[in-house]
Amino acid sequence: RLTVKIEDLKKMFAYNEFKLRIINERIKTPTTTVYRNGPLIDLCRGPHIPHTGMIKAFSVTKNSSSYWEGNAEAEVLQRVYGIAFPKKELMKEWKHLMEER
């Protein structure tokens, strides 16, 4: 978890219009926190896992289109949901439980 000045965030995310909108419209303080995992730094509620090497199995559970901020006049985005596990066996157990539902 890192504390970053808003001016620095704007430079850091200059390539991403959606993150800039979040910074400009939602952050009302001179600094905010971001989460870092290796080279990835992200605006999110976090935290991320300490190291992606902890993920041994993952499954995409759902995907869908969505509008930016739920506005049908705005850009269409792709939303992806997933779940990760520290062991392949745990994912197999989870999938079995989901099939039984």
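- With hydrogens and angles disregarded, a donor-acceptor distance shorter than 3.5 Å links the side chain of Arg36 to the backbone of Gly38.
- Looking at heavy atoms from C-beta onward, Thr31 lies out of side-chain contact with Val4 at the 4.5 angstrom threshold.
- Between the CZ atom in Arg26 and the OG1 atom in Thr32 there is a gap of 12.0 Å [rounded to 0.5 Å].
- Nearest approach of Asn37 to Ile49, heavy atoms of both residues: ND2-O, 2.9 Å.
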### Message
Walk me through whether Leu20 and Glu17 qualify under side-chain contact (heavy atoms from CB on, under 4.5 Å).
### Response
CA-CA 5 Å; Leu20 287 176; Glu17 69 177 282; 5.5 Å; no
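- For Glu100, the CD atom is densely surrounded, since the number of other residues' heavy atoms within 6.0 Å is greater than 12.
- Asn16 places a side-chain N or O within 3.5 Å of a backbone atom of Lys19 that can act as its donor or acceptor partner.
- Nearest heavy atom pair, residue Leu43 against residue Leu9, reads CD2-CD1, 4.2 Å.
- Counting heavy-atom neighbours within 6.0 Å of Tyr67 OH, excluding the residue itself, gives a total of 12 or less.
- Panel note: side chain Ser59, backbone Thr61; no donor-acceptor pair is recorded below 3.5 Å.
- Of all heavy-atom pairs spanning Lys56 and Pro86, the tightest one is CG-O, 2.9 Å.
- Not a single donor-acceptor pair under 3.5 Å links the side chain of Lys88 to the backbone N or O of Phe85.
- Looking at Arg21 and Trp68, their side chains come closer than 4.5 Å, going by heavy atoms from C-beta outward.
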